[in-house]
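Below is one structure, written out as structure tokens; the observations come after it.
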Amino acid sequence: KKTEARKEGEILIGFSSRDLSAEYTAKLSEAVVDYANTKPGVKLVMVDAQSDVQKQFSQVENFIAQKVDAIILNPCELEASTPAVDRIKASGIPLVLVNQVTKSAGDSYIGSNDFDAGRIAMEAIAKKLKGQGGVLMLHGIMGTSAQLQREAGAREVFAKYPGLKLVDHQTASWDRAKAMALTENWIQAHKGKFQAIFAHNDEMAMGALLALERAGLKKDVTVIGIDAIAQALTAVKEGRLDATVFQDAVGQGKGSVDAALLLAKKQPCPKETMIPFKLVTRDNLSEFLK
Amino acid sequence: MPALDRNLLHRFGLLLVILLVGLALSLWTDTFLSLANFTNVARQVSINGILAVGVTFVLLTAGVDLSLGSVVALSGVACATFAHPGEYSVFVPIAVGLLTGTACGLVNGVLVTRGGVAPFIVTLGMMTIARGLALIFSGGRPVANMSNELTALAGDIWGIPIPVLCFAGVAFVAWYFLRNFRLGRHIYAVGGNENAARAAGVPVERVKLLAYGLCGLLTGLAGVVLAARITTGQPNAGQAYELDAIAAVVIGGTSLAGGVGTITGTLLGVLLIGVINNGLDLMGVSSYYQAVIKGVIIVGAVWLDRRQARS
Amino acid sequence: MPALDRNLLHRFGLLLVILLVGLALSLWTDTFLSLANFTNVARQVSINGILAVGVTFVLLTAGVDLSLGSVVALSGVACATFAHPGEYSVFVPIAVGLLTGTACGLVNGVLVTRGGVAPFIVTLGMMTIARGLALIFSGGRPVANMSNELTALAGDIWGIPIPVLCFAGVAFVAWYFLRNFRLGRHIYAVGGNENAARAAGVPVERVKLLAYGLCGLLTGLAGVVLAARITTGQPNAGQAYELDAIAAVVIGGTSLAGGVGTITGTLLGVLLIGVINNGLDLMGVSSYYQAVIKGVIIVGAVWLDRRQARS
Amino acid sequence: MLRALELRKDFGGLTVLQSTSVDFRPGEVHALMGENGAGKSTLMKVLAGLYRPDGGHIEWRGGHADFASPHEALVAGIAMIHQELMPILDLTVAENITLGAEPCDRLGRIDKEAQLHRASELLGELEADIDPSRLMRTLTVAQTQVVEIAKALGRNADVILMDEPTAALSDHEVAALFRFIARLKARGVTIVYTTHKMDEVFRLADRISVLRDGNLVGTAPASEMNPAKLITMMVGRELADVFPVRQPPTDEILLEVSGLTREPSYRNVSFQVRRGEVVALAGLMGAGRTEVASAIYGLQPASSGQIRLNGRAISIRNPQDSLSAGIGMVTEDRKGLGLIPALGVGQNITLTALRNFSKGQFLDHTAEAAAVGAQMAEFSIKSSGTSQPISQLSGGNQQKALLARCLLGAPQLIILDEPTRGIDIGAKAEIYALIQKLARAGKAVLLVSSELPEVLSLAHRIVVLRRGSVSATLEATTTDQETVLRHAMPL
Ligand SMILES: Nc1ncnc2c1ncn2[C@@H]1O[C@H](COP(=O)(O)OP(=O)(O)OP(=O)(O)O)[C@@H](O)[C@H]1O
Ligand SMILES: Nc1ncnc2c1ncn2[C@@H]1O[C@H](COP(=O)(O)OP(=O)(O)OP(=O)(O)O)[C@@H](O)[C@H]1O
Ligand SMILES: [Mg+2]
Ligand SMILES: [Mg+2]
């Protein structure tokens, strides 16, 4: 018996997640799956592209071969994922892009702009330092869209505040342990010359935080990350982490499933739903803790 | 030669596993058994296939190449840099990509043969060096805006994807070369017993250099094909591709100790990995479980294969 | 035994490179040459060091273990799951972490010895399986909320970081074991010539199982130490740790073909990698160039080392 | 036409060849003699381009020759049969034989017909019955050696260096090789020949050069030499009778093998060995002697049949079983089943009996060093120290080290498969004496040897195998070479 045979009238949605080992995307993907489960008559298949454009392309082709009713794509890259989007559009299957745009547009986009995230975080640092001081930046994996855009957003802020100095910047590949080691080395190299650390994600921010705390330097240094993962929120609550930037994973997840269903039923659906980033500090924390 | 023809039969266990997996997938899903999906699988395995054929040469000489993934990225970036529309003929970016790959392969080969450094270390070094160079040349940003002539390389001819044709062509030439050419047999001899080969007058150093060079050339080709497929030269592309490629080759019966292995085996290994990836996606298995199942099938397939080979 | 004692002198080229790199760093930066920074380097190399010592056993038997990174993650997750404050004594999570690692190692060992599957394939399978299990057990989320007793494992005693003490202890025991235990000698014999070892009455299968088991135990330890250090069980931790660990061992003169190598060599390899990473960070070299420079130094160090060993 | 002029070769401070000058004439068979470790193989390897000399030079066809690789030497017309067998196990016999000189078309494609034809032609000339399309892996040691010989002979070289080519061969193949050598001589080919089999030297050689400790002792026409004189030159002293006297064995049966079978190699093999007795397994190459011996030692257990030791039936699945039952063995495949190449001589010697030098798991390095020292002296093993990797020892010294390993465990039954292969005449005498000493001490020895004189003079009884079955059991004192051969020959 074909257990996978589709029941009459059931809507099948294919969802390719960029990388389930990254906490933010994992949260987003979980929201997509959970929300789809609450919808009767909907079956959602999730696959993990593990940050590999080519792998994600293959997954998209597999969805097309399955003749799914709609595809939700969380693209790996801005440029490189474009052919996958084009292939879907050529097949006529409705496409929802979530959390990352590509050169070609889908039928609907749900998300936020990584450029803004970098800008918001850096603005918060600038405000905290009153426009004066040294900053260290922890990059994600070099060349990925999120890294490039978060860096660009931050750089815009540096341009605005001549008093802010980028003391050093280096990749820690989104990884907490690597960020920790890197921060330890920076503490040796630049002790006293930096007042803030901006990490491209919360994982790395947590690593930087642990290294600073272990060296007894946290009180002198502002640390801000992006994503508002659970541990970061707790750390903000405990007053250890200064701030993080909230990206509404659940909102994006739900929005993309809704959009996919509308498109699958050939109903009108907004071209773009922007879910803005929000800075999370101790003051507005209660909004974000469930 | 019996030593080679035996191979398909020899790899009967592997073929059996592939057929079993295929059968299971045909029963479980109604999408696996279709021409469109077979084209899909073929297209999806072609890059790993080209890499696997390339690294077969190196593994046969008892070497290893860990730099495949990074060199794919570097060649892709190099190719894309010369592929902006209206600048050069389409052959220039292709040649640049192939040459970049070949150059990396030859550097590996020279360090292994002249430098006497273990292939593991040489190619691990090349892995980080090529990645760094790809980032430097591209400024860390994807190199986009590629001409349509080049991206057409990822399209179809007579309904068959060009990457698949590339893979098939590469595999056939490699098979013929290893089987019928003196240099091909010398690759086996060097891997089987380097001292014996040297004592018999085989130019061991040249043979190894050739193997690394060929591997580099095919890695460059994979880089060009990937760039065409994703329409960008992506400096962080190809992460861990070497593992999939080497896994395919070893699954196909090539010994990491050198001297034993065939292209047909490599093809079966590539196919097994491709079918598993495709099938698990089609079945909608959750990704966490996909990882576990994939690992179990690969180890199980090789175990079965070796068990029947022994009996 | 001289065969072992010779080692430090033998590895003179490597020591030279480390000293040269250290000297250059002391001149270029005013931060490298300080007790605080040495503690730093020691702390940062300790996890890779523990893994490298573990995988030395496996490499000596002519095997390989690609599952290190994933097993680190799995052991870390397992440990963190039992480390919530006030639930169990601190020994429970530690034991769970060590047992998880050991179990993975033993499964590898059994598949290699009883199953007759190539170590590369077995441990590649374990690499994806352990990663999948780590994600399944943790639901894909970091396991946080660890007790202070456990995270204190990443702290200091008498000003020395506990991970460094663990590493030093492990290295000493491993060195002593390989040198003075019958089983240690057997590991060399099995790696040197498995058939001859069997003919000489060495229980080859048991020796290999032991090597994989010990490697697993140390991988579990690394998982526990890492979890304590980053105060979470991270299912996606440890990516590619196996490459750094194996690189350190091979840089230290252990042959991937088995039978040759020492713990002192491994320590030097670990140190070289640690010093390069630390130094490039201190010098503020851009990430792109770091990759290139790191690759060049590693290949260069091994080249120098082998050159002087030959002369 | 080929001359070595004051050649010197050092290995890390150790001078192995010191200013050795020899000249080799066209069409002569020039025997190179000397004890184990005298430097014969090293001299040949320098001539064949495998080692670069550290001093002196080679003169070839009137000019200076500086071979950077064996390839260059081969092109110049110098080929070598190596003492160390170097099969490429996963290629076919034909591919091994034609390696480096494959018949090719202009594109570089191998003409496989011609390749097979060339291989069978060469094997035919050596009168060896080996299918050239078989994988090397399936060959016995003896067959492998024939292939090595064919490989070198197939190069049509003007000088062929033969380093103990007959070590693993039985009389039939040796005779075929000698006929081949005679044909080569007639064509003016120079043969440089090394062996430890005295009779061969005087059957073959035109001139003889003797090396001792890397120095040339002298060169003389074979007609002016006799065995005693040659041995004196080699060893530096006179040698008493090579074969010691046999003592009668006891009546106590130590080993009893009955109905041992493993198709297709051997079937229904039964014999007994008493304490104090030396029993030889004789037969032609491929008769199954090695396989029977391996079954008793557990390397390749038999599929049926019984092995009784001291009257008790024992089950032997692997060497651990046989070792703990008191059976030790020195295998014929020195490289594959004997040496741990990277370990030192000392560690190789103590490997089997390591338990005796440890308390629990802890090694007692002092006791181990003492035992190593004693064994190295007892077997006069020549090395630059106990930690020199055994792979760097000369072939004969490697063999002695493996004997030392086997006897260090003090086994009751000692199985020796071709124990004197590659061992010089002096050391051979020591091993013969040792075998009798073991017998006198109440141990039992099962000897497999292809050298019939050795078998006849050492063994008390001879079990002759013919195609895997026992064809006769003979009393050594009342039989002769012809009788043994008659029983060994296929009907
Ligand atoms: N690669 C090497 N490194 C160090 N020492 C070596 C090496 N090869 C040979 N030797 C040493 O050189 C000496 C001569 O060795 P060689 O093999 O030439 O002896 P041989 O006369 O052929 O002896 P045999 O009759 O035992 O074959 C030996 O003492 C040996 O230990
Ligand atoms: N590894 C092997 N694989 C396949 N066949 C083998 C193998 N080893 C031996 N044989 C075959 O088994 C038979 C017996 O070989 P064995 O080595 O016991 O002969 P032997 O009498 O000891 O002769 P010798 O040692 O002189 O070659 C031969 O026909 C041989 O071809
Ligand atoms: Mg010799
Ligand atoms: Mg034999």
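Below, all heavy atoms of this structure are taken into account, side chains as well, without hydrogens, waters or symmetry copies. In what follows, chains are A, B, ... by sequence order, proteins preceding strands, each numbered from 1.
- Within residues 196-223 of chain A, the residues having any heavy atom under 4.5 Å from a heavy atom of chain C are, by residue number, A:Glu203, A:Leu210, A:Arg214.
- Note that the CZ atom of C:Arg131 and the CD atom of A:Gln50 stand 10.0 Å from one another [nearest 0.5 Å].
- Looking at C:Tyr288, only its side chain comes within 4.5 Å of chain A, counting heavy atoms on both sides.
- Side-chain N/O atoms of C:Gln44 and A:Asn185 include a donor and acceptor closer than 3.5 Å.
- Contacts between residues 233-250 of chain A and chain C, counted as heavy-atom pairs separated by less than 4.5 Å, involve no residue at all.
- Put simply, of C:Ala237, C:Gly155, C:Ala154, the one with the most heavy-atom pairs under 4.5 Å next to chain A is C:Ala154.
- Contact annotation for C:Thr231: both backbone and side-chain heavy atoms come within less than 4.5 Å of a heavy atom of chain A.
- Enclosure of atom CG in A:Asn37 by more than 12 non-hydrogen atoms of other residues, nucleotides or ligands within 6.0 angstrom is indicated.
- The distance from atom OG1 of C:Thr29 to atom CD of A:Gln188, rounded to the nearest 0.5 Å, is 10.0 Å.
- For C:Asn277, the part lying near chain A is the backbone, with the side chain staying farther off; criterion is any non-hydrogen pair under 4.5 Å.
- Contact of C:Val285 with chain A is made through the backbone alone, with heavy-atom distances under 4.5 Å.
- Taking the side chain as every heavy atom from C-beta outward, C:Leu280 and A:Gln170 never approach each other to under 4.5 Å.
- Rounded to the nearest 0.5 Å, atoms CG (C:Leu282) and CD1 (A:Ile187) are 11.5 Å apart.
- Of the possible polar contacts, none joining the A:Thr171 side chain to the C:Ser287 backbone as a donor-acceptor pair under 3.5 Å is found.
- Only the backbone of C:Thr151 comes within contact range of chain A, with at least one heavy atom under 4.5 Å from a heavy atom of that chain.
- Not one N or O on the side chain of A:Glu184 forms a donor-acceptor pair closer than 3.5 Å with the backbone of C:Asn40.
- Between A:Asp175 atom CG and C:Asn236 atom CG the span is 7.5 Å, to the nearest 0.5 Å.
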